[in-house]
Protein chains: 2
Amino acid sequence: MRASIVAHGSTDFTVRDGPVQDTMMEAIRDLFKHNPGVRREEIDAVLVSTNDGSGYLSAILSEMCDLRPRIAHTVESLCSSGASALVSAVSYIESGLARSVLVIGGDRLRDAGRALDWDAARGGFKSPVFWASIFTRAYKRRFDVAAEELAAVPARNRQNARDNPHACSASDCTVKDVIKSRCVTDDLRLLDCSRPCTGASALLLNNGDTSERFESPVRVLGIGHRTASASAVRSRRFFRMETVAESASMAYASAGIGPSEVDVAEVHDAFSVCEPMAVEALGLAEVGCGAKLASEMLETGDKRVNPRGGILGSGHPPGATGVAQAVEIVAQLQSRAGRRQVQGARTGLIQNMSAAATSSSVVILGT
Amino acid sequence: MRASIVAHGSTDFTVRDGPVQDTMMEAIRDLFKHNPGVRREEIDAVLVSTNDGSGYLSAILSEMCDLRPRIAHTVESLCSSGASALVSAVSYIESGLARSVLVIGGDRLRDAGRALDWDAARGGFKSPVFWASIFTRAYKRRFDVAAEELAAVPARNRQNARDNPHACSASDCTVKDVIKSRCVTDDLRLLDCSRPCTGASALLLNNGDTSERFESPVRVLGIGHRTASASAVRSRRFFRMETVAESASMAYASAGIGPSEVDVAEVHDAFSVCEPMAVEALGLAEVGCGAKLASEMLETGDKRVNPRGGILGSGHPPGATGVAQAVEIVAQLQSRAGRRQVQGARTGLIQNMSAAATSSSVVILGT
């Protein structure tokens, strides 16, 4: 593939609410400010990733930034809108329909974490915490995982987030703090849940022709997706994420690499149990050993999974998340991740999903 | 380009309101029913075009249709969402990320024709009728166009719609009826305005590899777009549509043809004045002569512009419109348009736009 990510920008992730346009503009301004190589007239497409529901945002932002793109539209796929917009940007570049694409993902507190309104068959059990509870119970039972092991995930990710200046949920949180936090359901505690928030991230992709104007472009090596259903209750095995495994194997095949070559990964830890299930489906841990890996990484300070703090540590503006994951991996592969840096990282991936892993996207990036 | 449109489906366009999922499912069922060559497992992407604002529709529809696509997301760009989704589908195919893409465009009465909420600087003048009024006054003054000439557009399109079994606004409406209809603004009468409604249309595209299973595939020959701004008041000349001219010249260049080779066109006549301005920008009429062309076509029964009745005759569910335009041109090029048929049509185009032509898309199709 020709597509490269050549620039990125971000806002703080925060619990302050405000118009989504303002937050998105802040991310774009951050991108422009740090990348003097950007030429506005080369940006052929502006793609917005959001769950905000307000219309014509891509044209509004283009006008506000003095851009005159050809293609401009919003991409929405719930919590994986960001990865979907990134992949759409890659497709515009690979097809030759665009030379350079600006992707902006963002949401505001008000819109984040909405109930799964379409799944009314579940009555009052529509909130995402309910599928996360089912997953947690099934996973712990199947693999005989102790509460302390699983609690390493949110403790570690919140600690990792202390080195992420944009994070919303950074803290010194320990395994004990997680276990002592208040019950949200029979299977989940408050610190097992990520926090809806306001925030935006931006990426600029191009076709490689003008990459010499940018420092350390990062290439898109592989892409995989799967959409299985919209409703969690269609899944038969709640202890593994089939769509993640399918999208991972597709992405590895298209990149021509295997899991052992992945140096750093941002995975979709909207709830604690999601991280071990994801790293297992991605082949980064043995099946049933994902929580143990988190415990080990917590102990040794290993940053290779969710170095920015994942969603648990960074917060979750759903339209921004997939884009923010890619921003982190790009920074890692450019060796610009500061105290979060995984030394010598040359290949990384993001895994972004929606609604109980009913759909998943994996994008592999490399230098 | 390799991308072809191999199948299509539609619902009636109606003033009955109802959940957007139901309407979209009806269009998909219509597509599946008439195209036994469709194999669900080959559909790699499901793109939804809508202004409905409800989340995860592409996954919901995939589940309802028993599809397991890779890529699934919504595309939104106000009234040109449909053309944007079609072009996104083409880009997924040309890039090799998908072999076959299902595009479903739809909206419900409740969501159609919403005010331009972002343009609050205009106070109470936010409804689309106000930019249409400005355009109408400027166009009539600049080119010395009589009310009777311009009234030929809605009269003809409503008459054309009588041969479109799905149309919402078909009637025997005459030029006199238009001129006698009640004033909506100083410059617009009721019959100058299209009607928000409920409706959906669907298209199946593929990469040409399995086209032998489909009757008369239609090829995508050229694509052009321009997004200039979000607000009509940024334009300096209200009597011509710059974005339409730019997207047309891009589309002609990529197809390697000129306007004289276009046999049939669906253009975005949300209001009467839009049709002459569009046909002029597309090079299908001399500048200032678009309304005269409508008068002549009304007199002679010439169907080459808006044979399905355009938006004025068909109704305007904004998410469906661009897709419905393409459905009509495909039917024309397949010689299956019944009494609407333009004899011998081999090349056609659609022109879809948003919000006072602040953005525009042109797609050229051919046999």
Side-chain angles (χ1 to χ4, degrees), chain A residues 1 21 44-46 48 51-64 67-78 80-81 84-85 87-88 90-98 114 116-118 223-231 234 246-247 250 318 354-355 358-359 361, chain B residues 1 21 44-46 48 51-64 67-81 84-85 87-88 90-98 114 116-118 223-231 234 246-247 250 354-355 358-359 361:
Chain A
M1 285 191 277
Q21 293 91 326
D44 287 331
V46 174
V48 169
N51 292 265
D52 186 73
S54 56
Y56 216 34
L57 272 177
S58 53
I60 293 169
L61 290 168
S62 296
E63 182 178 314
M64 287 167 81
L67 296 173
R68 290 182 92 254
R70 298 181 184 185
I71 296 150
H73 62 76
T74 291
V75 169
E76 184 276 330
S77 179
L78 219 66
S80 62
S81 301
S84 296
V87 172
S88 187
V90 172
S91 87
Y92 282 123
I93 288 172
E94 298 300 324
S95 67
L97 288 171
R114 291 185 296 187
L116 308 180
D117 284 331
W118 65 87
I223 287 172
H225 303 266
R226 178 59 74 198
T227 301
S229 64
S231 168
R234 296 260 297 199
E246 286 183 61
S247 49
M250 231 178 269
S354 288
T358 50
S359 66
S361 300
Chain B
M1 285 190 278
Q21 293 92 325
D44 287 331
V46 173
V48 169
N51 292 266
D52 186 73
S54 56
Y56 216 34
L57 272 177
S58 53
I60 292 169
L61 291 169
S62 296
E63 182 179 312
M64 288 168 81
L67 296 173
R68 289 182 93 254
R70 298 181 183 184
I71 296 149
H73 62 75
T74 292
V75 169
E76 184 277 329
S77 180
L78 220 66
C79 298
S80 62
S81 301
S84 296
V87 172
S88 186
V90 172
S91 86
Y92 281 123
I93 288 172
E94 297 301 323
S95 66
L97 288 171
R114 290 186 295 187
L116 308 181
D117 283 332
W118 67 87
I223 287 172
H225 303 268
R226 178 59 72 197
T227 302
S229 64
S231 167
R234 296 259 296 197
E246 286 183 62
S247 49
M250 232 178 269
S354 288
T358 50
S359 65
S361 300

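Chain naming here is simple, since letters A, B, ... match the order of the sequence lines and numbering starts at 1 in each. Basis for what follows: all heavy atoms, side chains included, without hydrogens, waters or symmetry-related copies. Bear in mind that the values here come from a model prediction, so they are computed numbers and not experimental data.
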> Roughly how far, to the nearest 0.5 Å, is OH of A:Tyr56 from OG of B:Ser80?
Replying inline: 6.0 Å
> Roughly how far apart are B:Arg70 CZ and A:Ser361 OG, rounded to 0.5 Å?
Replying inline: 12.0 Å
> Closest approach of A:Glu63 and B:Ala230, non-hydrogen atoms and distance?
Replying inline: OE1-N, 2.6 Å
> Taking atom NE2 of B:His225 and atom CG of A:Asp44, what is their separation to the nearest 0.5 Å?
Replying inline: 10.0 Å
>> Can a donor-acceptor pair be found, under 3.5 Å and without considering hydrogens, that links the side chain of A:Arg68 to the backbone of B:Arg226?
In response: no
>> Please classify the contact of B:Val46 with chain A as side chain, backbone, both or neither, using a heavy-atom distance under 4.5 Å.
In response: neither
> Under a 4.5 Å heavy-atom cutoff, which of A:Ala98, A:Ala45, A:Ser77 has the most pairs with chain B?
Replying inline: A:Ser77
> Looking at A:Ser81, A:Ser95, A:Ser88, which has the largest count of heavy-atom pairs under 4.5 Å with chain B?
Replying inline: A:Ser95
>> Could you check whether any side-chain N or O of B:Thr74 sits under 3.5 Å from a backbone N or O of A:Val75, counting only pairs where one atom can act as donor and the other as acceptor?
In response: no
>> Does any backbone or side-chain atom of A:Ile223 lie under 4.5 Å from a heavy atom of chain B? Answer side chain, backbone, both or neither.
In response: side chain
> Nearest 0.5 Å, what's the OG-CG distance between A:Ser54 and B:Asn51?
Replying inline: 11.0 Å
>> Restricting to non-hydrogen atoms, name the atom on A:Ser229 and the atom on B:Ala59 that form the minimum distance, rounded to 0.1 Å.
In response: O-CB, 3.8 Å
>> Is B:Met250 in contact with chain A via its backbone, its side chain, both, or neither, using a 4.5 Å heavy-atom distance?
In response: side chain
> At their closest point, which heavy atom of A:Thr227 faces which heavy atom of B:Ala72, and how far apart are they?
Replying inline: OG1-CB, 3.5 Å
> Which heavy-atom pair separates A:Ser84 from B:Tyr92 by the least distance, and what is that distance?
Replying inline: O-OH, 4.0 Å
> How long is the gap from OG on A:Ser58 to CD on B:Glu76, to the nearest 0.5 Å?
Replying inline: 7.0 Å
